[in-house]
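None of the values given here were measured: they were computed from a predicted structure. So that the names make sense, note that chain A is the first sequence line, chain B the second, and so on, each numbered from 1.
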Amino acid sequence: MTVKTRFAPSPTGFLHIGGARTALFSWLYARRHGGRFVLRVEDTDRERSTEEAVNAILEGMAWLGLDYDEGPFYQTESFDRYREVLDKLLEEGHAYRCYCSRERLDALREEQQARKEKPRYDGRCRNLTEPPQGAGDPVIRFRSPQEGQTLIDDRVRGRVSFDNAELDDLIIARADGSPTYNFTVVVDDMDMGITHVIRGDDHLNNAPRQANILKALGVTPPVYAHIPMILDENGKKLSKRTGAASVMDYRDQGFLPEAVVNYLVRLGWSHGDQEIFSLDEMVSLFDIDEINASASSLNPSKLLWLNQHYLKTSDPAHVARHLAWHLGTLGVDPDDGPALEALVDAQAERSKTLVEMARNSLFFYCEPEGYDEKAARKNFKGEASTVLARVREALAGLDDWDASAIHGVVEGVAEELELKMGKVAQPIRVAVSGGPVSPPIDQTLALLGKATTLRRLDAAVSHIEKSGEFISDAP
RNA sequence: GCUCCCAUCGUCUAGUGGUCCAGGACGCCGCCCUCUCAAGGCGGUAACCGGGGUUCAAAUCCCCGUGGGAGCGCCA
């Protein structure tokens with residue numbers, strides 16, 4: 001049997017992190033077993049479904065690299081098929097028309113709640129032979145078995161049993177004839193030949209209803225795997241207020257998709273003590289049986305750690321492409337500076353995110369706006385201008401502008417002036433970057449280029465001399 | 001309220017009756033390295049929710065409690 005999984009989001013918002021993991025697990029399972037992965041958009045609620053949401057979901061999937069073999073399918077395009085199955089169910093007595101008004105249903109629910117009972121339909125129309133007098137358009141309800149139990153052999157929960165008495169006759173088609181969720185899922189899973197349903201455990205309670213409908217249709221239910229929820233860092237339910245709820249927020253915050261995917265796969269799933277997984281490794285190792293049954297909380301610092309890991313170890317050209325995008329959002333032209341791959345090499349080990357990397361690299365593209373006050377006070381003391389002037393002079397005579405040559409020159413000046421490396425490198429750093437932090441000074445200058453370096457050194461020397469005069473004039 | 005699910009360091013987790021006075025990772029703390037910031041190396045801190053069983057033996061199995069979560073829509 002060929003494995004076939006699906007991801008079935010409803011387009012009522014962006015692709016959030018929990019949905020992304022569900023999609024990832026489904027994708028992984030299909031890939032692992034050489035099966036197929038389908039994307040199905042559950043848009044039967046026309047009131048709430050939007051095209052923007054569809055696009056946001058597609059964009060999120062694409063960014064994560066989760067490709068699908070079939071789809072995207074839209075449920076709104078299968079209404080004829082749902083109608084057909086509905087008629088069949090009606091004909092065979094597995095479903096019936098219900099004429100109860102919303103008012104009656106609301107009142108019923110309230111009464112039951114007041115009596116501390118579980119709200120459920122009381123079956124008034126279950127055995128009707130004719131429509132009642134003056135009845136409006138009926139909804140269609142599934143005739144749910146009233147006795148016995150429904151067993152779900154869930155791959156992550158184990159065997160879960162439900163008393164059928166707990167399950168009422170759910171509505172499978174609205175008064176306007178449109179089908180509802182629990183029905184369309186069943187029909188689509190059946191028609192598409194879905195073998196494994198991997199979804200959030202908020203659907204666990206729907207499983208017995210769906211299994212019963214499938215049974216009425218004479219079909220064996222798929223294998224279910226209900227995966228636990230993802231909570232925010234405080235163990236609370238995720239909401240839009242949680243820093244990054246949408247996967248696209250993670251892109252905007254400077255994460256690499258492979259870091260997000262690696263982070264997500266380890267949330268609820270593990271393979272011994274291994275933390276780092278390439279996509280290929282995930283595909284060959286992933287299994288439903290290793291999914292944890294308990295909910296997990298987001299751990300932002302671990303994601304940051306993973307992101308830096310990928311920043312450091314991925315192909316610099318790949319990282320460079322992402323960095324270029326972020327530089328662009330900061331209003332910088334990535335072509336108007338050092339070679340990006342070299343920049344990535346220099347900055348990766350001091351960046352947790354691409355945003356951080358881009359911001360800390362700004363001085364390679366634009367003149368620093370003044371000097372960091374504290375850094376200048378510490379490194380631009382009187383004699384610093386002499387040091388910088390000497391460095392400038394030595395550097396000006398350098399023909400091969402590369403890191404090792406630059407290193408030699410800077411070291412030479414330090415020896416000549418009998419200064420420690422720090423006393424020379426740090427003033428240069430502040431002079432060229434405007435602040436106290438940059439990659440190693442030789443690399444920084446190599447990246448910056450000779451002309452820019454000399455120009456900034458000159459500017460720093462005159463800055464120091466000017467403020468030096470000012471200070472010595474003071475009483 | 002009813003039904004269903006869950007429960008190991010702060011967090012992600014390993015652990016499937018003995019090899020566990022519980023292992024790894026992130027974070028945190030300390031040391032080393034060092035031109036800054038980092039990165040890296042080394043070391044440290046920290047957990048089996050509680051109570052009953054079962055068993056020669058329980059983090060691992062069972063029951064109860066407690067705590068968390070989900071569902072109970074003409075939403076998905």
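Across all strands shown, rC31(B) forms a Watson-Crick or G-U wobble pair with rG41(B), both key distances being under 3.5 Å. Base pairing of rC74(B) is not made with any nucleotide, judged by Watson-Crick or G-U wobble geometry with both donor-acceptor distances under 3.5 Å. When both distances must be under 3.5 Å, the Watson-Crick or G-U wobble mate of rG67(B) is rC6(B). Across all strands shown, the partner of rG18(B) is rC56(B), judged by Watson-Crick or G-U wobble contacts whose two distances both fall under 3.5 Å. Nucleotide rA47(B) is matched to nothing when pairs are restricted to Watson-Crick or G-U wobble geometry with both distances under 3.5 angstrom.
Spacing between atom CZ of R120(A) and atom P of rG1(B) amounts to 17 Å, rounded to whole angstrom units. Straight-line distance from the CD atom of E349(A) to the P atom of rU36(B): 13 Å, rounded to whole Å. E275(A) places its CD atom 16 Å from the P atom of rG23(B), with the value rounded to the nearest Å. The distance from atom CG of L306(A) to atom C1' of rC26(B) is 9 Å, rounded to the nearest whole Å. In this structure, CZ of R350(A) is placed 9 Å from C1' of rU36(B), rounded to the nearest angstrom. Distance D201(A) CG to rC5(B) C1': 7 Å, rounded to the nearest Å. Rounded to whole Å, the distance from NE2 on H271(A) to C1' on rA25(B) is 15 Å. Distance D188(A) CG to rA76(B) P: 13 Å, rounded to the nearest Å.
Among the heavy atoms of the strands lying under 4.0 Å from L204(A) are primed sugar atoms or P, OP1, OP2 only; no base atom is included. In this structure, V160(A) reaches the sugar-phosphate backbone alone: every heavy-atom distance under 4.0 Å involves primed, P, OP1 or OP2 atoms, never a base. Within the 4.0 angstrom heavy-atom criterion, base atoms lie near K118(A). No contact: K423(A) has no heavy atom under 4.0 Å from any strand. Among the atoms of the strands shown, only primed sugar atoms or phosphate atoms (P, OP1, OP2) are found under 4.0 Å from some heavy atom of G268(A). Contact annotation for Y263(A): no contact, since no heavy-atom pair falls under 4.0 Å across all strands. Contacts of N360(A) with the nucleic acid, taken as non-hydrogen atoms under 4.0 Å apart, are absent.
Side-chain atoms of D202(A) stay outside donor-acceptor range of the base of rG71(B), with no qualifying N/O pair under 3.5 Å. A donor and an acceptor atom never sit less than 3.5 Å apart when one is taken from the side chain of R157(A) and the other from the base of rC5(B). Put simply, the side chain of K302(A) and the base of rC12(B) share a donor and an acceptor less than 3.5 Å apart. Remark: the Q112(A) side chain and the rG1(B) base include no donor-acceptor N/O pair separated by less than 3.5 Å.
Residue order along RNA chain B, read from the 5' end via each residue's closest nucleotide, puts R109(A) first among R109(A) and S10(A). Of the residues near RNA chain B, S296(A) and P179(A), the one whose nearest nucleotide (by heavy atom distance) lies more toward the 5' end is S296(A).
Taking the six-membered ring for Trp and the full ring otherwise, Y263(A) and W305(A) have centroids separated by 6.0 Å or more.
Taking the side chain of L267(A) as heavy atoms from C-beta on, and the options rC12(B), rC74(B), rA76(B), the nearest nucleotide is rC12(B). Closest to the H203(A) side chain, of the nucleotides rC4(B), rA7(B), rA76(B), is rA76(B). In this structure, of rG23(B), rA70(B), rC74(B), it is rG23(B) that holds the atom nearest to the side chain of D273(A). Taking only side-chain atoms of D45(A), from C-beta outward, the nucleotide of rA76(B), rC35(B), rG71(B) with the closest atom is rA76(B). Looking at the side chain of M229(A), the nearest of the listed nucleotides rG69(B), rA76(B), rG73(B) is rG69(B). Between rU11(B), rU3(B), rG40(B), one nucleotide has an atom nearer to the side chain of S297(A) than all others, and that is rU11(B). Distances were taken from every side-chain heavy atom of T44(A) (C-beta onward) to each of rU3(B), rA76(B), rU36(B); the shortest belongs to rA76(B). Candidate nucleotides rA14(B), rU11(B), rC12(B) were compared by shortest atom distance to the side chain of R266(A), and rC12(B) ranks first. The side chain of R429(A) sits closest to rC35(B) out of rC35(B), rC26(B), rC72(B). Closest to the side chain of S301(A), from the set rC6(B), rC26(B), rC12(B), is rC26(B).
A donor-acceptor pair shorter than 3.5 Å cannot be found between the side chains of E233(A) and S297(A). For the residue pair Y99(A)/D137(A), the side-chain donor-acceptor check at 3.5 Å is not satisfied.
Checking the phosphate oxygens (OP1, OP2) of rA39(B), a side-chain nitrogen or oxygen of K352(A) falls inside 4.0 Å. The side chain of S351(A) places no N or O atom within less than 4.0 Å of a non-bridging phosphate oxygen (OP1 or OP2) of rA38(B). Phosphate contact (OP1/OP2 of rC74(B), side-chain N/O of T180(A), threshold under 4.0 Å): absent.
Taking 4.0 Å as the cut-off between side-chain N and carboxylate O, E393(A) and R390(A) count as a salt-bridged pair. The pair D169(A)-R126(A) meets the salt-bridge criterion, since a charged nitrogen lies less than 4.0 angstrom from a carboxylate oxygen.
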Test salt bridge (Lys or Arg N to Asp or Glu O under 4.0 Å) applied to D106(A) and R102(A), step by step:
CA-CA 6 Å; D106(A) 290 344; R102(A) 290 173 198 256; over 6 Å; no

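No side-chain heavy atom of Y365(A) sits under 4.5 Å from any side-chain heavy atom of L330(A).
Stacking of R141(A) on the aromatic ring of Y121(A) is recorded, both the 6.0 Å distance cut-off and the 45° axial limit being met.
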